[in-house]
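Keep in mind that this is a model prediction, so the values were computed, not measured. One-based numbering, in listed order, for ligands and for the atoms of each.
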Amino acid sequence: MKNYIEINKIIKNFNDEINVNGDKSISIRCVLLASQAIGTSRIYNLLESEDVLNSLKSIKKLGIDYKKSNNCYIIKGFGLSGFKTKKKVNIYSGNSGTFARLVLGLLVDANNQITIKGDKSLSRRDFSRVTEPLKKFGAITISNKNYLPVKIHGTKFLRPIKYVERIGSAQCKSAVIFAGLKTPGLTKIKARKSRDHTEILLKNLGVPIKVLKKKKYDYIEVNGQTNFQGFQYVVPGDISSSAFFIVLTLLSDNSQLIIKNVNVNKSRTGIIKILNKMNAKILLKNQKKYKGEVTSDIHIKSNNSLNAIKCPKNLNSSAIDEFLIIFLVAAKSRGISTFKDLGELNKKESPRLDIGVSFLRKIGVKVIRKNNDIKIIGNPKLKLNKKLIVKNFKKDHRVFMMSCVAALTLGGKWKIYDKDSIKSSFPDFIKLIKILGAKIN
Ligand code: S3P
């Protein structure tokens, strides 16, 4: 089977309403929390992507049963001390940094050695950012702590820690919160702003967790060893998947789109704030509260009067997965856009800052880079009329999808490799661009 797609035509004149797949961050957290709950949890609209399916297979190896019935995953936990392993276990996280890092937090009390492995991309990403704080909880043995495979052997003798999380990584913060759940006493975390789904879910489950939000940092206190019951959850649409359709619509002629029922937690909507500062006029309608989260329909229209942005650094964390697609909008805007302090992008599924800059240069956009800051010289008339091949991007799903949006809005004859990469986060991506009129070979 060929693993590339060819796009030779732009799309325009669409007027549709779509649903994107379930939120990946929330799906993985639901699976992990259901594995620690007492009794049965029912999770509806769980994202059925490789990252989440690998999470399910992994909890099964750790002794937690699940089954699927209609649109619902039923997971049966035994409470906080409930992973059941009789011998050494290997679990495979595939491409998912979120699962691998968060599950480590829950394994601080594992009574056998657990080895976590990942695919090639995940195996080049740093794990010391989670293993270092986890070691502070007590006599946990962790080997090969910088890169996967990581082996962890837990202990029942844990003590709470005080920890300052300085990167703004929700994965590190959540791993420490999860370890805190297993520990007697109060774990205190000062964490630079990042997505807060873990805290919201735990609060809803009745776990004693306090969060004090200040400008740059959140102050979190979690009291460990409080069991919680199985729960029901309906996973909303993923804003990070919606991002590709938001930009596809903005940059296509004479088009409009409604994306239904998307999670619009403030710690995730940096893309909307950034694009609206660029004059995109994206609207959030039909907003609803759901278990401490907010969902909304997102309304987008074509827009050919987009302006450059001087992107405020405080929006970096709430748009952390969206910068590739935001760069594309900057390339089609009037003026020079600036983005600063984007070093974290190079620590994702691929070195996204390096890849984003070389992609823009390849399509003829002038980019000035100084360390982790970039300036993009926009051109609202940007059109392409040549052959382009996109390959060797470490199979990063977001590079693939951004390239498809570029092909569908800028023109040219494109061959884009590693189509299978979308299976990790957004399996319906190709089906949905076809609904909007994309012709794909
Ligand atoms: C995620 C956190 C972010 C994000 C990733 C998902 C999460 O990573 O990039 O796609 O679900 O916690 P970092 O915590 O490393 O910034």
Salt-bridged, D238 to R268, with N to O below 4.0 Å?
yes

Pair D321 + R195, salt bridge at N-O below 4.0 Å
yes

Check: F400 ring centre within less than 6.0 Å of F244 ring centre
no

Taking atom 4 (C) of ligand 1 as the reference point, the nearest protein heavy atom with its distance:
D321 OD2, 3.3 Å

Does K173 come within less than 4.0 Å of ligand 1, judged by its heavy atoms?
no

Of all the atoms in ligand 1, which lie at a distance below 4.0 Å from a heavy atom belonging to K348?
3 (C), 4 (C), 8 (O), 9 (O), 13 (P), 15 (O), 16 (O)

Does K347 approach ligand 1 within less than 4.0 angstrom via side chain, backbone, both or neither, non-hydrogen atoms only?
neither

So that I can tick it off, tell me whether K347 and D126 are bridged by a salt bridge, with the cut-off set at under 4.0 angstrom between side-chain N and carboxylate O.
no

Is there a polar contact between ligand 1 and R398, counting only N or O atoms under 3.5 Å apart?
no

Check whether any side-chain heavy atom of Y233 sits under 4.5 Å from a side-chain heavy atom of L46, and report yes or no.
no

Ranked by distance from atom 11 (O) of ligand 1, the top protein heavy atom is S25 OG, 2.6 Å

How close does the nearest protein non-hydrogen atom get to atom 12 (O) of ligand 1, and which residue and atom is it?
R29 NH2, 2.7 Å

Closer than 3.5 angstrom, by distance alone: can the side chain of E199 be matched with the main-chain N or O of K203 as a donor-acceptor pair?
no

Students should be able to answer this: which protein heavy-atom is nearest to atom 6 (C) of ligand 1, and at what distance?
T98 OG1, 3.3 Å

Going by distance only, is there an N or O of A170 that falls short of 3.5 Å from an N or O of ligand 1?
yes

So does D396 pair up with R352, basic N to acidic O under 4.0 Å?
yes

